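See below for the structure under consideration.
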Amino acid sequence: MDSCIFCKIVAGQIPSSKVYEDDLVYAFNDINPLAPVHVLIIPKEHILASAADATEENAALIGHVFAVAAKLAKELGLDGGFRIVTNSGDDACQTVHHLHFHLLGGKKMSEDLA
């Protein structure tokens, strides 16, 4: 999508602090981190606006995202644990409508998810 900020990041039109890249996903540091480690993991192709659009056809891609998240968590020293979050829709405060996952860690997380 031409106006999607994440598509522009993947295309190299907007700079980012890349953490990981392969054929399917791109991961970069969030510019407004909510934890000492805050990495966004996005599919390179804009095939889903959010998790609400996921189908069985997307299961392999989403599984790959979680495998990448586990790899990055290990590389980034998140041995004490980490959180993976995806916001789906406006009521969940999704601001970019390109499926993405937040890998958060590096501190003790709050139990309050609301």
Side-chain angles (χ1 to χ4, degrees):
M1 297 192 113
D2 293 338
S3 63
C4 174
I5 190 168
F6 287 169
C7 290
K8 289 179 179 180
I9 288 171
V10 170
Q13 298 170 346
I14 295 175
S16 67
S17 177
K18 180 171 73 170
V19 175
Y20 177 86
E21 181 177 14
D22 64 26
D23 291 342
L24 299 175
V25 301
Y26 185 83
F28 56 99
N29 290 311
D30 194 296
I31 61 170
N32 294 308
L34 300 177
V37 173
H38 187 165
V39 174
L40 295 174
I41 305 169
I42 64 172
K44 287 176 124 178
E45 190 176 345
H46 191 131
I47 57 171
L48 302 172
S50 74
D53 300 323
T55 67
E56 286 294 326
E57 293 174 353
N58 312 118
L61 173 62
I62 293 169
H64 181 68
V65 167
F66 276 83
V68 167
K71 173 183 172 28
L72 291 175
K74 191 173 288 186
E75 290 176 1
L76 295 169
L78 302 180
D79 302 325
F82 57 92
R83 184 173 286 167
I84 300 172
V85 176
T86 185
N87 301 321
S88 185
D90 295 335
D91 286 351
C93 297
Q94 182 181 5
T95 57
V96 178
H97 295 277
H98 177 132
L99 180 67
H100 61 284
F101 298 82
H102 301 257
L103 172 63
L104 301 156
K107 71 174 188 174
K108 174 87 172 155
M109 297 289 183
S110 167
E111 292 181 15
D112 182 15
L113 296 177

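Each residue takes its place number in the sequence, starting with 1. Everything numeric in this text was worked out from a predicted model, so none of it was measured.
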Proximity of Tyr26 and Phe6 rings by center, below 6.0 Å: no

For [X] against [Y], the heavy-atom pair lying closest together:
| X | Y | answer |
| --- | --- | --- |
| Ala69 | Leu103 | O-CD2, 3.9 Å |
| Gly106 | Pro36 | O-CG, 3.5 Å |
| Ala35 | Gly105 | CB-O, 3.5 Å |

Is it true that, when you exclude Asp23 itself, more than 12 heavy atoms of the residues, nucleotides or ligands shown sit nearer than 6.0 Å to its CG? no

Could you tell me whether Glu75 atom CD has more than 12 heavy atoms of other residues or ligands within 6.0 Å of it? yes

Rounded at 0.5 Å granularity, tell me how far [atom1] in [X] sits from [atom2] in [Y].
| X | Y | atom1 | atom2 | answer |
| --- | --- | --- | --- | --- |
| Thr95 | Asn87 | OG1 | CG | 7.5 Å |
| Ile42 | Cys7 | CD1 | SG | 7.5 Å |
| Ser16 | Ile31 | OG | CD1 | 10.5 Å |
| Asn58 | Leu48 | CG | CG | 4.0 Å |
| Arg83 | His102 | CZ | NE2 | 12.5 Å |
| Lys107 | Leu78 | NZ | CG | 13.0 Å |

Looking at side-chain heavy atoms only, is the closest gap between [X] and [Y] below 4.5 Å?
| X | Y | value |
| --- | --- | --- |
| His38 | Val85 | no |
| Val39 | Leu76 | yes |
| Leu61 | Ile47 | yes |
| Ile84 | Ile41 | no |

Using the side chain to side chain contact (heavy atoms under 4.5 Å, CB included) rule, take Asp90 and His97 through it: C-alpha gap first, then chi angles, then the decisive distance, then the call. CA-CA 9 Å; Asp90 295 335; His97 295 277; 3.4 Å; yes

What is the ring orientation for His98 with His46, classed by angle as parallel under 30°, tilted 30 to 60°, or perpendicular over 60°? perpendicular

Distance-only, no hydrogens or angles: does the [X] side chain make a donor-acceptor pair with backbone N or O of [Y] under 3.5 Å?
| X | Y | result |
| --- | --- | --- |
| Lys44 | Asp22 | yes |
| Ser50 | Leu99 | no |
| Ser17 | Asn29 | no |

Going through the distances and angles, do Val68 and Leu24 end up as a side chain to side chain contact (heavy atoms under 4.5 Å, CB included)? CA-CA 10 Å; Val68 167; Leu24 299 175; over 6 Å; no

Hydrophobic cluster membership, [X] vs [Y], 4.5 Å side-chain cutoff:
| X | Y | result |
| --- | --- | --- |
| Val96 | Phe28 | yes |
| Leu72 | Phe66 | yes |
| Val37 | Leu34 | no |
| Phe101 | Tyr20 | yes |

